[in-house]
S.K.: 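So that we are looking at the same thing, I have put the structure below in structure tokens.
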Amino acid sequence: MLTIKHIKKKHKKIQALQDVSLQMEIGKCYGLIGPNGAGKSSLLKILASINQPDDGKVLINNESLSKKHKGLIGYIPQELSLEETVSAYQNLLFFGKLYGLKGKQLKSSIYQVLQLIGLTERAKEKVFTFSGGMKRRLNIGCALLHQPSILIMDEPTVGIDPQSRQFIFQLIHELKQQHTLIIYASHYMEEIEQICDEAVFIDHGNIIKSATIHELANAYASPSVFIKGDTCLPDHASLIGRVTNKHGGYIITTNHPLSAMESIIQHCHTNNILPEQLELLKPRLEDTFFSLTGSQLRD
Ligand SMILES: Nc1ncnc2c1ncn2[C@@H]1O[C@H](COP(=O)(O)OP(=O)(O)OP(=O)(O)O)[C@@H](O)[C@H]1O
């Protein structure tokens, strides 16, 4: 169990974290989501003991976070922290030693991690020859050598190809099954929806809301109907729900999506109109954030 109690952090004049409290359980993946500058990295660096809070504390299984917990935590920073002029193997060797591994144990960890990140065949090649996705995977591998039970990932999919992204998602799935607690910062809502158990919304240095993805989407967002095509929208659409223009069509947000759909179909039947697209949209995390903050993610 990881407990964060009343953490505050100021960078020069900027209050990056106002008063953050949170509780996280082993074996779950928590999505820390918020716009640029919300305070995500500031919080993660404190959890990884890279920075110290000005106030408040972090507890691991009810004990204050200290050097003793170093071996429990793996941290993957937002920026790649690799030496590109040497091989993947040498990078892993360096990080393994930093985590206190040596001898046979170090070598066997490196081989296991190379397999896990799909880079066994490229282990001896210099990192500057790698694609962005391969570098990201290696960056992740460096934090897994000591088999941490808490893994902190700061926007690990920025600028990578779809295959590497899927690879990372699969890796997270496997780590969760091994009871690793994962804290995954992102400003991509759909990633959080796909891989996390719980979402933690952060903005202006405060946690706005934390709950399971399902709870959040259902409690704060309404389902909607998307319709695209000329004259598909009945005149009385605004009586059915809130109408907004999006993606070249209309979104009708309503608590009665099936009735809205019926009404649109009836209108199309009567007027012999075939919509280009007619779709029921489930409540999304994006809508929840909007509903809680009154704004989209600033990006
Ligand atoms: N070392 C620093 N010196 C000065 N200000 C900082 C420093 N680190 C962060 N900040 C400021 O603190 C605030 C929170 O930044 P932080 O990096 O934690 O946000 P973030 O949510 O991770 O953003 P991003 O998604 O852009 O990485 C921002 O206003 C940022 O400019």
Side-chain angles (χ1 to χ4, degrees), residues 2-24 29-58 65 73-82 132-133 135-137 139-140 142-143 148 150-161 164-165 168-169 172 181-211 213 216 284-299:
L2 177 72
T3 312
I4 301 166
K5 279 191 175 172
H6 302 293
I7 292 284
K8 294 181 182 134
K9 180 73 185 175
K10 209 171 187 175
H11 297 295
K12 295 177 187 150
K13 285 186 178 165
I14 297 170
Q15 191 71 46
L17 298 171
Q18 310 260 10
D19 184 356
V20 171
S21 295
L22 200 60
Q23 196 142 320
M24 302 189 195
C29 180
Y30 293 81
L32 187 61
I33 191 150
N36 287 332
K40 302 182 295 294
S41 298
S42 300
L43 180 59
L44 297 188
K45 282 180 186 164
I46 289 171
L47 298 181
S49 297
I50 290 169
N51 286 343
Q52 293 303 312
D54 300 331
D55 205 356
K57 53 185 168 182
V58 179
L65 178 64
I73 297 171
Y75 172 63
I76 299 155
Q78 198 171 357
E79 313 78 30
L80 292 173
S81 55
L82 299 169
K135 287 179 191 170
R136 277 276 164 206
R137 272 145 55 194
N139 208 40
I140 293 174
C142 291
I150 299 173
L151 185 63
I152 298 168
M153 308 174 92
D154 198 351
E155 311 221 17
T157 57
V158 168
I160 63 168
D161 55 283
S164 289
R165 174 175 286 133
I168 293 173
F169 290 177
I172 290 175
L181 161 58
I182 298 161
I183 308 165
Y184 186 99
S186 178
H187 51 258
Y188 299 128
M189 294 274 189
E190 61 291 351
E191 284 194 350
I192 302 283
E193 270 178 327
Q194 197 178 332
I195 58 170
C196 297
D197 302 294
E198 300 214 5
V200 179
F201 287 137
I202 182 166
D203 199 13
H204 300 294
N206 280 311
I207 305 267
I208 305 164
K209 189 80 195 169
S210 155
I213 308 282
L216 283 171
R284 304 296 304 267
L285 214 51
E286 184 99 42
D287 306 324
T288 306
F289 190 83
F290 181 77
S291 168
L292 284 166
T293 64
S295 61
Q296 306 285 357
L297 278 185
R298 286 192 285 273
D299 240 15

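Whatever order the structure lists ligands and atoms in, that order sets their numbers, starting from 1. Everything numeric here is computed off the predicted structure, so don't read it as measured data. Residue numbers start at 1 and run along the sequence shown.
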S.K.: From atom 11 (C) of ligand 1, work out which of His11, Lys10, Lys40, Lys13 has a heavy atom at the shortest distance.
M.R.: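 Closest candidate by heavy-atom distance is His11.
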S.K.: Tell me whether Lys12 has any N or O atom under 3.5 angstrom from an N or O of ligand 1.
M.R.: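 N/O-N/O distance below 3.5 Å does not exist for this pair.
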S.K.: For residues 41-50, which residue pairs qualify under side-chain hydrogen bond (donor to acceptor under 3.5 Å, both in side chains), counting only residues two or more places apart or in two chains?
M.R.: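 Qualifying pairs, neighbours excluded: His11-Ser42, Ser41-Gln78, Ser41-Asp154.
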S.K.: Using a strict 4.0 Å cut-off to heavy atoms of Ala16, name the atoms of ligand 1 that fall inside it.
M.R.: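 Every atom of ligand 1 under 4.0 Å from some heavy atom of Ala16: 12 (O), 13 (C), 14 (C).
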S.K.: Could you find the nearest protein heavy atom to atom 17 (O) of ligand 1 and give me its residue, atom name and distance?
M.R.: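 Scanning the protein heavy atoms, the shortest distance from atom 17 (O) of ligand 1 goes to Ser41 CB, 3.6 Å.
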S.K.: To the nearest 0.1 Å, how far is atom 14 (C) of ligand 1 from its closest protein heavy atom, and which atom is that?
M.R.: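 Nearest neighbour among protein heavy atoms for atom 14 (C) of ligand 1, to 0.1 Å: Gly37 O, 3.4 Å.
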S.K.: Which ligand 1 atoms does Pro35 reach within 4.0 Å, using its non-hydrogen atoms?
M.R.: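 So the answer, numbered in order with elements, is 21 (O).
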S.K.: If the cut-off is 4.0 Å to any non-hydrogen atom of Glu155, which atoms of ligand 1 fall inside it?
M.R.: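 That gives atoms 25 (O) of ligand 1.
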S.K.: Quick check: do Glu198 and Met24 have side-chain heavy atoms less than 4.5 Å from each other?
M.R.: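 When only atoms from C-beta onward are counted, Met24 and Glu198 do not touch, as no gap falls below 4.5 Å.
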S.K.: Is there a side-chain contact between Ile46 and Ile4 in this structure, where contact means two heavy atoms from C-beta onward sitting under 4.5 Å apart?
M.R.: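 No. Closest side-chain heavy atoms not under 4.5 Å.
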S.K.: Is there a donor-acceptor pair closer than 3.5 Å between any side-chain N or O of Ser21 and the backbone N or O of His6?
M.R.: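 Yes; at least one donor-acceptor contact below 3.5 Å.
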S.K.: Could you see which bit of Gln78 sits under 4.0 Å from ligand 1, with heavy atoms only: side chain, backbone, both or neither?
M.R.: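 Answer for Gln78: side chain.
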S.K.: Among all protein heavy atoms in this structure, tell me which lies nearest to atom 26 (O) of ligand 1, with the distance rounded to 0.1 Å.
M.R.: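 Protein heavy atom at minimum distance: Asn36 OD1, 3.2 Å.
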S.K.: Heavy-atom distances under 4.0 Å decide this one: backbone, side chain, both or neither, for Ile14 against ligand 1?
M.R.: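 Looking at Ile14 and ligand 1, just side chain atoms fall under 4.0 Å.
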S.K.: As an exercise, identify every atom of ligand 1 less than 4.0 angstrom from a heavy atom of Ala38.
M.R.: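 Contacts of ligand 1 toward Ala38, numbered from 1: 19 (O), 20 (P), 21 (O).
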S.K.: Would Gly39 count as a polar contact of ligand 1, with the cut-off being nitrogen or oxygen pairs under 3.5 Å?
M.R.: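 Indeed, backbone or side chain, Gly39 has an N or O that close.
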S.K.: Could you work out, with side chain to side chain donor-acceptor pair (under 3.5 Å) as the rule, every residue matching Lys135, not counting sequence neighbours?
M.R.: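 For Lys135 the side chain to side chain donor-acceptor pair (under 3.5 Å) partners, ignoring immediate neighbours, are Glu84.
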S.K.: Check each of Ala185, Gly205, Ser42 against atom 16 (P) of ligand 1 and report the one with the nearest heavy atom.
M.R.: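 Answer by nearest heavy atom: Ser42.
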S.K.: Of the non-hydrogen atoms in Pro156 and Ala185, which two are nearest, and what is the gap between them?
M.R.: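 Between these two residues, the closest heavy atoms are CD-O, 3.9 Å.
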